[in-house]
Amino acid sequence: MDKWTVARALREIASYIELSEPNPFKARAFESAARRIESLDRSVDDLVATGGLHSTPGIGRSIGPIVADLVTKGHSAYLDELRSRYPPGIFELLRVPALGLKKIGVLYSELGIASLDELEAAAQAGRVAGLAGFGAKTQKKILDGIATARRRSSQFLLSFGLEVGESLRGRLAQIDAIEDAIVSGSVRRRLEIVDSVDIVVATGDSVRAIAEVEKRGLLDRLEQDGWTMLRGFGRDEIPVSLHLTAPADCGAALVVTTGSADFVEAFASTIAKNGFELRHRELFHNGRHIRSENESALFERVAVPFVDPELRESGDVLRRKKRVRLVEPADLKGTFHVHTTFSDGRNSVAEMLSAARDRGFDYVGISDHSPNAFYANGVTVDDLTGQHAEIDAQRALVAPMRVFRGTEADILDDGTIDYGHATLPRFDFVVASIHSRFAMDREAMTARMLRALDDPFVTILGHLTGRLLLGRTGYAIDFDRVFDRAAERGVMIEINGNPHRLELDWRLAGRAIDRGVLLCINPDAHSIAELSHVISGVWLARKAGLSAKHIFNTRPVDEVADYLEKRRQKAMERVLSAEC
DNA sequence: GCCGTTTTCGGCCCGACTGTTTTCAGTCG
């Protein structure tokens with residue numbers, strides 16, 4: 001069993017404990033044990049086999065045997081028992097805003113509520129308001145929140161849609177009767193929130209193809225709609241549509257099913273001028289069927305410059321005379337905003353650096369949290385020396401990759417930057433982010449951010465609005481004023497590739513670019529695996545129509561090093577002259 | 001549940017906000 005699976009089991013135990021136990025520290029002990037396991041630098045099997053478990057901090061007499069059970073038996077009797085005490089799916093109530101594990105525990109023990117439907121019925125009957133710790137306002141909030149929770153359960157993050165789509169595509173491609181399978185729809189357009197997965201399936205024998213899909217159980221609750229459409233559900237109930245098409249019509253089927261509806265409509269009317277028509281996912285010219293094995297051949301045949309799928313949200317893009325070369329993952333030479341175990345990262349400096357080198361980066365910037373971020377174990381001024389020494393010690397091992405020492409410093413309530421000017425010069429770069437007081441009004445929040453942008457040590461503005469997709473709307477700011485100030489001060493704005501954040505929003509990126517703001521694609525990585533968030537950052541940049549020239553970290557290492565050093569020097573001069 | 005040279009109990013990362021309370025618990029970041 002790998003360490004991630006063990007950690008997940010420990011977290012599940014922590015959640016069950018929080019439902020029922022009054023002592024909050026017991027659940028926290030399991031949480032911290034999970035973190036310990038995740039940050040192991042060797043396999044958990046090895047740790048158990050060699051008896052090293054007992055000397056691992058945070059894992060004591062109770063948790064030790066649970067970890068050993070998980071590793072040696074593949075399950076834990078303790079966790080099995082906890083699971084049997086509650087109905088499955090009780091944690092779906094967490095989707096309701098204002099409901100945490102404590103309240104869910106009370107709802108279950110007092111009223112036996114363990115699903116959204118039961119909760120809704122009880123709240124409508126007024127039974128929730130009578131519970132200890134609940135009241136009329138909470139009951140109203142819950143009723144409002146159930147709608148949100150239901151909506152959230154029918155929407156999915158792009159990263160999830162892509163994972164389900166690609167895994168299905170791979171399994172479809174293994175079927176003999178299927179020549180090709182390509183993910184289309186809003187996933188292919190890289191829309192940040194999707195409600196379904198669409199796959200074009202090219203086959204010369206749809207009867208056999210459908211029979212195989214059914215036989216292999218690739219989808220749940222399969223419905224057949226004629227011979228060209230199969231609908232079902234993938235993992236976690238995401239709706240999936242398979243669009244069966246003859247291989248000769250694959251290009252047309254891709255255009256139509258990729259959408260958007262607006263784009264396809266505009267595309268159809270553009271090509272109609274030359275006598276072409278899209279009908280039932282097939283291409284016709286003056287009534288005669290035209291082969292379109294792939295999309296680029298189709299665009300060429302109808303004499304329209306190819307439009308990258310990410311740009312197909314509206315038909316306006318068809319007015320362009322030429323295709324713009326969008327930024328690609330291979331364009332990124334390095335990245336910033338990478339956390340380590342010095343704050344809330346799960347991997348050490350050494351692990352993160354060698355993983356960055358293995359991705360082929362020429363440079364990487366380490367940026368742990370600043371002291372104000374208590375909950376994220378921010379690095380104190382005293383601990384900085386140790387971290388910098390550790391980074392310096394690792395440099396030679398990952399050469400010639402260049403390592404920059406940075407921070408993700410909190411923007412404090414008044415807009416000043418955590419650490420202050422006594423310490424900020426010690427960093428090669430500073431990502432400034434807001435992690436507290438999200439509820440400020442638009443005016444106050446904008447003022448706070450403008451002041452942060454005025455600090456000469458700030459290099460990059462981190463996750464612009466703090467939004468969490470399907471979780472939390474970002475704080476309100478006046479974007480144009482922030483973009484103007486960022487351009488004026490030469491502060492970059494981050495494209496945060498974390499699939500839950502994906503901001504600055506692709507709908508806004510063009511406005512920032514037009515005002516002269518430079519952008520930087522960062523992973524906000526808290527583990528080796530999360531370094532891949534630079535790829536989702538590239539999706540966003542492509543969706544915004546950006547090229548390599550708009551992105552700072554497509555620049556070569558020498559240019560980047562020079563830029564950062566000059567900026568740091570200038571900041572120190574400005575601060576010194578202000579003090580004189 | 002874990003930890004500890006103050007060693008078997010008492011503390012455990014913090015703060016804003018909200019609603020239910022009338023001094024605090026739960027949620028969220």
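Reckoned from all heavy atoms, side chains included, excluding hydrogens, waters and symmetry mates. Since this is a predicted model, take the numbers as computed values, not measurements.
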When rounded to the nearest Å, what value does the distance between P atoms of B/dG29 and B/dT23 take? 30 Å
Taking it one step at a time, do A/Glu192 and A/Glu503 satisfy side-chain contact (heavy atoms from CB on, under 4.5 Å)? CA-CA 10 Å; A/Glu192 68 274 32; A/Glu503 63 170 343; over 6 Å; no
For A/Arg42, is the CZ atom crowded, meaning more than 12 foreign heavy atoms sit under 6.0 Å from it? yes
B/dT20 versus B/dA25 - spacing of their C1' atoms, nearest Å: 9 Å
What is the distance from CG of A/Asp410 to C1' of B/dC13, rounded to the nearest Å? 14 Å
Provide, to the nearest angstrom, the distance between the CG atom belonging to A/Asp413 and the P atom belonging to B/dG15. 12 Å
Distance check, P atoms only: B/dG4 and B/dC13, in whole angstrom units. 13 Å
Is the gap between the ring centers of A/His463 and A/His500 under 6.0 Å? no
Give a yes or no on whether the backbone of A/Leu412 and the side-chain of A/Thr416 come within a donor-acceptor separation of less than 3.5 Å. no
Using the C1' atoms only, state how far B/dT8 lies from B/dC3, rounded to an integer number of Å. 11 Å
Just the rounded figure in Å: distance from P of B/dG1 to CG of A/Leu79. 15 Å
Could you tell me whether a side-chain N or O of A/Arg568 sits under 3.5 Å from a main-chain N or O of A/Phe429, the two making a donor and an acceptor? no
Given the P atoms of B/dT6 and B/dC2, what is the spacing between them in whole Å? 23 Å
When the distance from CG of A/Asn372 to P of B/dG15 is rounded to whole Å, what number comes out? 9 Å
Write down the distance separating the C1' atoms in B/dT5 and B/dG1, rounded off to the nearest Å. 23 Å
Determine the interatomic distance between P on B/dC12 and the same-named atom on B/dG19; round to the nearest Å. 29 Å
Output yes when a side-chain donor or acceptor of A/Ser370 lies under 3.5 Å from a complementary backbone atom of A/Tyr419, and no otherwise. no
Can we say A/Asp80 and A/Arg85 salt-bridge, meaning some charged N sits less than 4.0 Å from an Asp/Glu carboxylate O? no
Is there a donor-acceptor contact under 3.5 Å from the side chain of A/Arg395 to the main chain of A/Val403? yes
Write down the distance separating the C1' atoms in B/dG11 and B/dC17, rounded off to the nearest Å. 26 Å
Can you measure A/Asp418 atom CG to B/dC14 atom C1' for me and round it to whole angstrom units? 13 Å
If each of A/Asn377 and A/Lys141 is mapped to the nucleotide of DNA chain B with the nearest heavy atom, which maps nearer the 5' terminus, i.e. the 5' end? A/Asn377
Would you jot down, in residue-number order, the residues of residues 59-70 of chain A having a non-hydrogen atom under 4.0 Å from DNA chain B? A/Ile59, A/Gly60, A/Arg61, A/Ser62, A/Ile63
For A/Arg437 and B/dC17, give me the distance from atom CZ to atom C1', rounded to whole Å. 9 Å
Which of A/Leu107, A/Ile104, A/Ile90, A/Val106 passes side chain to side chain contact (heavy atoms under 4.5 Å, CB included) with A/Ile113? It is A/Leu107
Have a look at A/Pro24 and say if it touches a base, only the backbone sugar-phosphate, or nothing, with a 4.0 Å heavy-atom cut-off. nothing
Separation of B/dG1 atom P from A/Ile37 atom CD1, nearest Å, is 17 Å
Go ahead and name the base partner of B/dG29; Watson-Crick or wobble counts if both distances stay under 3.5 Å, otherwise write none. B/dC14
Set out, in order, the CA-CA distance, both residues' side-chain angles and the distance that settles ring pair (Phe, Tyr, Trp, His ring centres under 6.0 Å) for A/Tyr16 and A/Phe91, then state yes or no. CA-CA 9 Å; A/Tyr16 279 118; A/Phe91 295 123; 5.0 Å; yes
Rounded to the Å, how far apart are A/Ile17 CD1 and B/dC2 P? 10 Å
Across nucleotides 20-29 of chain B, 5' to 3', mark each nucleotide with B, S or - according to how protein heavy atoms within less than 4.0 Å reach it. SS----SSSS
